[in-house]
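Have a look at the structure below before the remarks.
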Amino acid sequence: MAEFTRLQNCLALIRLRNPPVNAISTTVARGIKESLQKAITDDTVKAIVICGADGIFCAGADIREFKVHKTFDIQLGDIVDEIQRNKKPVVAAIQKLALGGGLELALGCHYRIAHAEAQVGFPEVTLGILPGARGTQLLPRLVGVPAALDLIISGRHISANEALKLGIIDKIVNSDPIEESIKFAQRISGQSSQELQMTSDMVADKSSALGPPKGYTSKATIEFFFYLTVPGLCCGM
Ligand SMILES: C/C=C(\C)C(=O)SCCNC(=O)CCNC(=O)[C@H](O)C(C)(C)COP(=O)(O)OP(=O)(O)OC[C@H]1O[C@@H](n2cnc3c(N)ncnc32)[C@H](O)[C@@H]1OP(=O)(O)O
C-alpha cells in the first residue's frame with residue numbers, strides 16, 4: 001500500500017509500504033495514485049514528499065506478481081506523468097535503494113535527495129525487459145544518452161555518489177533523507193506554480209534539443225535514441 005500523511009507546513013507525505021523492499025505491486029501503485037490525487041486536489045498542500053517505509057525507497061515492480069501473472073500491470077507510467085503534469089513540487093527521499101520502477105518514480109519527481117549509502121539502477125534488463133515507465137526518456141534528459149544507455153543496458157546498480165556526479169540525484173545526505181526532503185520541500189513550497197512550470201519546461205526544452213550523440217550515426221542507434229527520448233514510442237506501461 002501507500003500511506004498518505006498530511007504534514008504540518010502545507011506538506012503531504014506519501015510512503016510506500018510493501019515489505020521487504022517496498023516493491024510496486026498493483027495495490028501499491030493504486031495507493032500512490034490515490035495519495036497523489038489527495039495531495040494534488042488539496043489546495044492547502046503546497047509540496048509533496050515520496051518515500052519508502054522501513055529505511056528503503058523501492059526495489060521496483062513487485063516480481064512476486066510478475067511470477068504469477070507473467071506481466072506487470074501497474075500503470076506506473078501514468079503515475080510518473082501525473083507527477084510531472086502536477087504543478088506542486090514533488091521530492092523523492094531515497095533511502096537504501098531506488099531500482100527499476102522505483103527509480104522511474106523518483107525520476108518523475110522534481111527533486112531527488114538520497115542517503116550517501118543508497119544505490120540506484122535499472123535492473124530491468126536482467127528480466128529481459130526495458131524500463132517502460134518513462135525511465136528511457138527521463139534518464140537521458142538528466143545524464144545524456146551515452147550514460148543512460150550504459151545504465152539501462154548494463155543493469156548495474158550505482159552508488160549515490162556516482163548518481164550525484166551524473167546528475168540523477170540532486171543532493172546526498174548522511175542523515176535521514178526523509179527529514180531532509182521534508183525540510184527542503186518546506187523551503188521550496190513557496191515557489192509559485194509558474195516558477196515550477198518554467199523549470200519543467202526548461203527540462204523539456206533541454207531534452208528536445210538533445211540530438212543523437214556525436215559518433216553514433218548508425219540508423220539503429222538513431223532509432224534507439226528516439227526510442228529513448230520521445231515519450232509515447234515506449235512500450236507498454
Ligand atoms: C516493468 C518493470 C518494472 C517497473 C521494474 O521495476 S523491473 C525491476 C524489478 N526489480 C528487480 O528486479 C530487483 C530485484 N531484486 C534485487 O536485485 C535484490 O533482491 C535487491 C537488490 C532488491 C536486494 O538484494 P539483497 O539485499 O541481496 O536481498 P535479497 O535479494 O535476498 O532480497 C530480499 C528480499 O526482497 C525480495 N525482493 C527483492 N526485490 C523484490 C521485488 N522487486 N519485488 C518483490 N520482492 C523483492 C526478495 O525476494 C527477498 O525476499 P525474501 O526471500 O526475503 O522473502
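Note that this is a predicted model, so its numbers are computed, not measured. Just follow the structure's listing: the first ligand is 1, and inside any ligand the first atom is 1.
- None of I50, L142, L164 except one satisfies the side chain to side chain contact (heavy atoms under 4.5 Å, CB included) rule with R112; the exception is L142.
- Under the salt bridge (Lys or Arg N to Asp or Glu O under 4.0 Å) criterion, the residue pairs touching residues 17-44 are E3-R17, R6-D42, R17-D54, with sequence neighbours excluded.
- Contact atoms of ligand 1 toward L97: 21 (C), 22 (C) (distance under 4.0 Å to a heavy atom of the residue).
- A distance-only check finds no donor-acceptor pair linking the side chain of T5 to the backbone of L7 [under 3.5 Å].
- Atoms of ligand 1 lying under 4.0 Å from any heavy atom of A23, numbered from 1 in the order shown and given with element: 41 (C), 43 (N), 44 (C).
- Looking only at atom types and distance, the side chain of Q75 has a donor-acceptor partner in the side chain of D73 under 3.5 Å away.
- Those atoms of ligand 1 that come under 4.0 Å of a heavy atom in R64, given as number and element, are 44 (C).
- Distances below 4.0 Å separate heavy atoms of G101 from the following atoms of ligand 1: 4 (C), 5 (C), 6 (O).
- The contact set between ligand 1 and G60, taken as ligand atoms under 4.0 Å from a residue heavy atom, comprises 6 (O).
- The ligand atoms of ligand 1 that sit less than 4.0 angstrom from a heavy atom of I129 are 1 (C), 2 (C).
- Heavy-atom proximity to P20, at under 4.0 Å, picks out these atoms of ligand 1: 34 (C), 35 (O), 36 (C), 50 (O).
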How far apart are the C-alpha atoms of R134 and R141, what are their side-chain angles, what is the distance that settles it, and do they pass the side-chain contact (heavy atoms from CB on, under 4.5 Å) test? CA-CA 11 Å; R134 316 297 178 255; R141 288 179 192 180; over 6 Å; no
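- The side-chain heavy atoms of H110 and V91, taken from C-beta on, include no pair separated by under 4.5 Å.
- With a 4.0 Å heavy-atom cut-off, ligand 1 is reached by no atom of I24.
- Among residue pairs with one or both ends in residues 130-189, those qualifying as ring pair (Phe, Tyr, Trp, His ring centres under 6.0 Å) are Y111-F184; sequence neighbours excluded.
- Here the shortest heavy-atom distance to atom 9 (C) of ligand 1, taken over G100, G135, G155, A61, belongs to A61.
- Heavy-atom proximity to atom 37 (N) of ligand 1, evaluated over T126, L127, V21, N18, is greatest for V21.
- Salt-bridge formation is detected for the pair E82/R85: a Lys NZ or Arg NE/NH1/NH2 atom is positioned less than 4.0 Å from an Asp or Glu carboxylate oxygen.
- Residue contacts with ligand 1, taken as heavy atom pairs separated by less than 4.0 Å, involve A59 via backbone and side-chain atoms alike.
- Residue contact annotation: G132 has no non-hydrogen atom under 4.0 Å from ligand 1.
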